[in-house]
Amino acid sequence: MEIRGHHFLCMLGFRGLGYDEKFVKNMDEIIRKLDNKQDILIKVVDSVDNICAMCPNNIEGECKEEEYPGSVKEKDRTILEVLEIKTGEVFSYQEITNRIKEKMTEEKMEDICKNCQWFSLGYCLEGLKNLKGG
Ligand code: SF4
């Protein structure tokens, strides 16, 4: 499985919302799979991934939200820098969530994600708080 950097944070806050029905179903299935089997290996990327696979913004394998300052690709890279993970490296989901727990803070997440359309709902930040144990 391939997952892009910023989607690790999106997954923490996912509450069944998304771009359309197909997108939500796919994302829900991926999260359930990873939650049930935390030793699944994930190749970390900064381009379209298994979640993007069903996204209406994915046009022939390219995200149309990708290439501008503050875009999702920039978020991927900043988040991976915080987690000290390089693009292309492979980790278990467990290892990645441990790193998020250890290295990601609410302040950093707010700074990285504040311009995302979903962030103001508060679910993502709550997801991080829950992961960190309250
Ligand atoms: S908007 Fe782009 S990064 Fe987000 S899920 Fe869709 S294709 Fe992937």
Side-chain angles (χ1 to χ4, degrees):
M1 178 173 319
E2 291 187 353
I3 300 287
R4 60 190 307 159
H6 82 272
H7 278 163
F8 292 112
L9 299 184
C10 304
M11 287 195 291
L12 296 179
F14 182 72
R15 295 202 196 170
L17 298 178
Y19 300 106
D20 65 15
E21 211 175 303
K22 264 166 48 182
F23 176 88
V24 168
K25 185 172 177 281
N26 179 50
M27 185 154 176
D28 189 51
E29 281 169 7
I30 290 171
I31 294 171
R32 279 170 202 266
K33 194 169 172 180
L34 292 173
D35 280 346
N36 287 333
K37 208 167 177 303
Q38 301 244 332
D39 59 351
I40 287 183
L41 292 179
I42 295 172
K43 182 177 175 188
V44 179
V45 296
D46 63 357
S47 52
V48 289
D49 65 1
N50 285 62
I51 291 175
C52 301
M54 290 295 167
C55 180
N57 294 323
N58 177 353
I59 311 294
E60 295 176 3
E62 300 272 336
C63 171
K64 70 176 190 195
E65 301 295 322
E66 214 161 63
E67 295 291 353
Y68 57 86
S71 72
V72 287
K73 197 183 269 296
E74 206 174 289
K75 288 181 177 50
D76 292 329
R77 291 178 177 164
T78 313
I79 288 163
L80 295 182
E81 244 175 71
V82 172
L83 302 182
E84 295 177 30
I85 292 175
K86 290 190 180 66
T87 311
E89 286 186 319
V90 176
F91 293 95
S92 69
Y93 186 54
Q94 174 90 70
E95 167 67 17
I96 291 169
T97 51
N98 285 344
R99 284 198 190 211
I100 296 172
K101 230 174 177 170
E102 188 193 328
K103 298 177 190 297
M104 184 56 67
T105 63
E106 288 177 40
E107 293 71 28
K108 284 180 191 165
M109 186 173 178
E110 191 155 6
D111 197 41
I112 298 165
C113 301
K114 60 179 181 281
N115 69 354
C116 171
Q117 63 171 303
W118 307 104
F119 189 70
S120 61
L121 295 170
Y123 300 162
C124 310
L125 210 48
E126 221 172 291
L128 179 67
K129 282 185 201 164
N130 289 342
L131 180 75
K132 283 173 167 285

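Numbers here are sequence positions counted from 1. Each ligand, and each atom within it, is numbered from 1 in the order the structure gives.
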Exercise for the section: Check whether any N, O or S atom of Cys52, backbone or side chain, sits closer than 2.8 Å to atom 8 (Fe) of ligand 1. Expected result: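 Cys52 does place an N, O or S atom closer than 2.8 Å to atom 8 (Fe) of ligand 1.
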
Handout entry: Interfacing atoms of ligand 1 (cut-off 4.0 Å, heavy-atom, His6)
Key = 3 (S)

Completion exercise
If we number the atoms of ligand 1 from 1 as shown, the ones under 4.0 Å from a heavy atom of Phe23 are 5 (S)

Please report which non-hydrogen protein atom sits nearest to [atom], along with the residue it belongs to and the distance in Å to one decimal place.
atom	result
atom 6 (Fe) of ligand 1	Cys55 SG, 2.3 Å
atom 4 (Fe) of ligand 1	His7 NE2, 3.8 Å
atom 1 (S) of ligand 1	Asn57 ND2, 3.4 Å
atom 3 (S) of ligand 1	Arg4 NH1, 3.4 Å

Problem - Heavy-atom check, side chain of Leu34 versus side chain of Met1, under 4.5 Å - result: yes

Near [X] [atom1], under 6.0 Å, is it more than 12 heavy atoms from other residues, nucleotides or ligands?
X	atom1	result
Gln117	CD	yes
Lys33	NZ	no
Lys103	NZ	yes

Exercise for the section: Tell me, please, if Cys63 has any N/O/S atom, main chain or side chain, under 2.8 Å from atom 2 (Fe) of ligand 1? Expected result: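 So Cys63 does bind atom 2 (Fe) of ligand 1 by this criterion.
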
Handout entry: Aromatic centroids of Phe14 and Trp118 separated by under 6.0 Å
Key =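 Between Trp118 and Phe14, the centre distance exceeds or equals 6.0 Å.
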
Practice task
Begin with the C-alpha distance, continue with both residues' side-chain angles, and end with the deciding distance and a verdict on side-chain contact (heavy atoms from CB on, under 4.5 Å) for Glu106 and Leu128.
Solution key: CA-CA 7 Å; Glu106 288 177 40; Leu128 179 67; 4.3 Å; yes

